[in-house]
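Numbering of ligands and ligand atoms starts at 1, following listing order. Excluded from the calculations below are hydrogen atoms, water molecules and symmetry mates; all remaining heavy atoms, backbone and side chain alike, are included.
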Amino acid sequence: MSEPRVSARQRAEVIRRACGCCEYCRAQEKFAPDPFSVEHIVPVVKGGISALTNLAYSCQGCNGRKYVSLEALDPGTGDVVLLYHPRQHSWTDHFAWHEDCTLVIGLTPIGRATVEKLQLNRSGLVNLRRVLYAFGEHPPVC
Ligand SMILES: [Zn+2]
């Protein structure tokens with residue numbers, strides 16, 4: 001049985017490693033209305049452990065939409081594919097910013113499925129990205 005609790009040291013390392021950004025939608029916690037969570041990428045209910053290799057920093061919107069999912073439909077093909085795994089995949093391999101930096105584009109089946117499942121272009125996020133971009137605060141540099 002794995003230990004589901006995340007230690008204060010692990011939490012601090014996850015936040016540092018993520019530069020305070022959601023590792024899915026790249027929202028910055030310092031500009032977010034709600035606190036972010038340290039989430040288990042493979043959920044505890046599916047055997048995920050509380051190790052740095054299975055922990056990611058996530059905004060509430062992404063965390064709630066991902067919930068216990070590990071897979072989703074690729075809207076490009078209809079195939080079931082793995083969701084983006086922040087410890088095993090590179091964000092820039094699977095996603096890119098639209099030219100005005102308000103939309104996340106899925107570049108691969110994993111990227112497209114994750115954009116769709118986690119709704120990485122939620123209207124609140126897009127509006128916030130637009131404002132932050134105008135002030136030179138988006139996209140995050142980390
Ligand atoms: Zn997010």
Handout entry: Single hit among Arg9, Arg11, Arg16 for salt bridge (Lys or Arg N to Asp or Glu O under 4.0 Å) with Glu13
Key =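 With Glu13 as partner, salt bridge (Lys or Arg N to Asp or Glu O under 4.0 Å) holds for just one option, Arg16.
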Run Tyr24 and Leu83 through side chain to side chain contact (heavy atoms under 4.5 Å, CB included) and show every step you take. CA-CA 10 Å; Tyr24 298 98; Leu83 289 171; over 6 Å; no
- Query: With respect to Tyr57, which candidate in Arg17, Glu23, Glu29 satisfies the side chain to side chain donor-acceptor pair (under 3.5 Å) definition?
  - Reply: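 The passing option is Glu29.
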Below 30° counts as parallel, above 60° as perpendicular, anything between as tilted: where do the rings of Trp91 and Trp97 land?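 Plane angle between 30° and 60°, so tilted.
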- Leaving waters out, which protein N, O or S atoms fall under 2.8 Å from the Zn ion (ligand 1)?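 Listed by chain and number: Cys22 SG, Cys25 SG, Cys59 SG, Cys62 SG.
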Does anything in residues 96-121 form a salt bridge (charged side-chain N to carboxylate O under 4.0 Å, His left out)? List the pairs, not counting sequence neighbours.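 Of all non-adjacent pairs touching residues 96-121, those that pass salt bridge (charged side-chain N to carboxylate O under 4.0 Å, His left out) are Asp74-Arg112.
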About how many Å separate OG of Ser58 and CD1 of Ile41, when rounded to the nearest 0.5 Å?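 These two atoms lie 10.0 Å from each other.
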